There are 2 protein chains.
Amino acid sequence: MLSEESIVQQLSISGYRITRPRRAVIRALLEDEGYSSPARVRERARRYCASVGLVTVYRTLDLLSQMGFARRIHTENDCHGYAAANHGHHHHLVCRQCGATVEFKGCDLSRFLVRVSEETGYVIENHLLELEGLCSSCQ
Amino acid sequence: MLSEESIVQQLSISGYRITRPRRAVIRALLEDEGYSSPARVRERARRYCASVGLVTVYRTLDLLSQMGFARRIHTENDCHGYAAANHGHHHHLVCRQCGATVEFKGCDLSRFLVRVSEETGYVIENHLLELEGLCSSCQ
DNA sequence: TTGTGTGCAAAATCTTTGCACTTCG
DNA sequence: CGAAGTGCAAAGATTTTGCACACAA
């Protein structure tokens, strides 16, 4: 499971330094139920590191994305939000009205992926699937 | 099938005026094999209406999207490109090594989507699916 | 101590808005 | 002719860069 400590540990192992601003961004992401723009991540992060700048948030989100701990969330008209990503397999379902984000697992694409693989000659290693719709309260 | 004339006709029926700049943007989109940023759409459109401005391209892309004749294309780090909706429902398969991109159609997620919908209470309206792997020459 | 990481300010992009002029219908 | 549409310039928003200073390791 994803926790501040496990992320910090991985960063450290990979040679990155553990700083107050980085911890603040990580915490902000983890406590976020939905997904947030960099600016919004910063607002949250400020609770843990009042001086954190937007630039650092951008850089940290980049880093976390590369490490697989955060993911850019794509919705129909916006791809500027980020959410914490469990390293394992999961997807996001986003409400287009209020932005509420739910993670779910257990997508079964295997047969479909086999077909695409056969048709294209690619070895498929990864897939990104995002769903968008209306949550129950926005319907 | 999508053609300049059929789009123009629909716009007209819906009460929009048929102008040179709009035709130019439509033609630019239709002849585009892939997808393009607004700036790039404008470059192409200039062949048909040299004076067309970026602002008009933005507004026209908006209009066409609303009408369902254009679609915003999402890739991992960019969701600012547009393509004619002509190309229908499709997804991208990208090689992580060399970046070669293939489009494919015919994903069948319906049963899966029903399940997620039941579990979450969301009405699912849209999905974004991207595959990543190794193309045949990179394997 | 040392070099990675940070914040600030400024630059570079990208997108939207206000407004007077054009032009379709 | 009248209102919708256009281009320009300017404003807004978002993201990146350069640089001197701070601070993990």
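Quick caveat: nothing in here was measured; it's all calculated off a predicted structure.
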The nucleotide from D:dG7, C:dC8, C:dT6 with an atom nearest the side chain of B:Val52 is D:dG7
| message | Base, sugar-phosphate or nothing for A:Ser37? Non-hydrogen atoms, less than 4.0 Å. | response | nothing
Could you check whether the SG atoms of A:Cys79 and B:Cys79 sit less than 2.5 Å apart, since that is the cutoff I want to apply? yes
Salt bridge B:Glu5-B:Arg23, side-chain N to carboxylate O under 4.0 Å: yes
From CG of B:Leu63 across to C1' of D:dT6 the rounded distance in Å is 14 Å
The answer to which of B:Ala39 and A:Val57 contacts DNA chain C further toward the 5' end, by nearest nucleotide, is A:Val57
Here the distance between atom C1' of D:dA24 and atom CG of A:Leu11, to the nearest Å, is 13 Å
Whole-Å distance, B:Arg46 CZ to D:dG7 P, equals 9 Å
Between CG of B:Asp62 and C1' of D:dT6 the distance, given in whole Å, is 15 Å
Of the candidates D:dG5, D:dG7, D:dT16, the side chain of A:Tyr58 sits closest to D:dT16
5' to 3', nucleotides 17-25 of chain C under a 4.0 Å protein heavy-atom cut-off (B base, S sugar-phosphate only, - none) gives B------BS
Between CD1 of B:Ile26 and P of D:dG5 the distance, given in whole Å, is 12 Å
Sorted by chain and residue number, the side chain to side chain donor-acceptor pair (under 3.5 Å) partners of B:Glu43 (sequence neighbours excluded) come out as B:Arg40
### Query
Do any side-chain nitrogens or oxygens of B:His80 fall under 4.0 Å of OP1 or OP2 in C:dT15?
yes
Exercise for review: Answer yes or no: does atom CZ of A:Arg20 have more than 12 heavy-atom neighbours from other residues, nucleotides or ligands under 6.0 Å?
Suggested key: no
From CZ of B:Arg42 across to C1' of D:dC8 the rounded distance in Å is 10 Å
Taken to the nearest whole Å, CZ/A:Arg22 to P/D:dA22 is 18 Å
Note: A:Tyr48 and A:Ala24 closest approach over all heavy atoms is CB-CB, 3.8 Å
Rounded to whole Å, the CZ-C1' distance (A:Arg40 to D:dA13) equals 17 Å
- Query: Is B:Tyr58 close to B:Asp62 at the side-chain level, that is, under 4.5 Å between some pair of heavy atoms?
  - Reply: no
| query | Any chain of hydrophobic side-chain contacts (each under 4.5 Å) joining B:Ile26 to B:Val57? | reply | yes
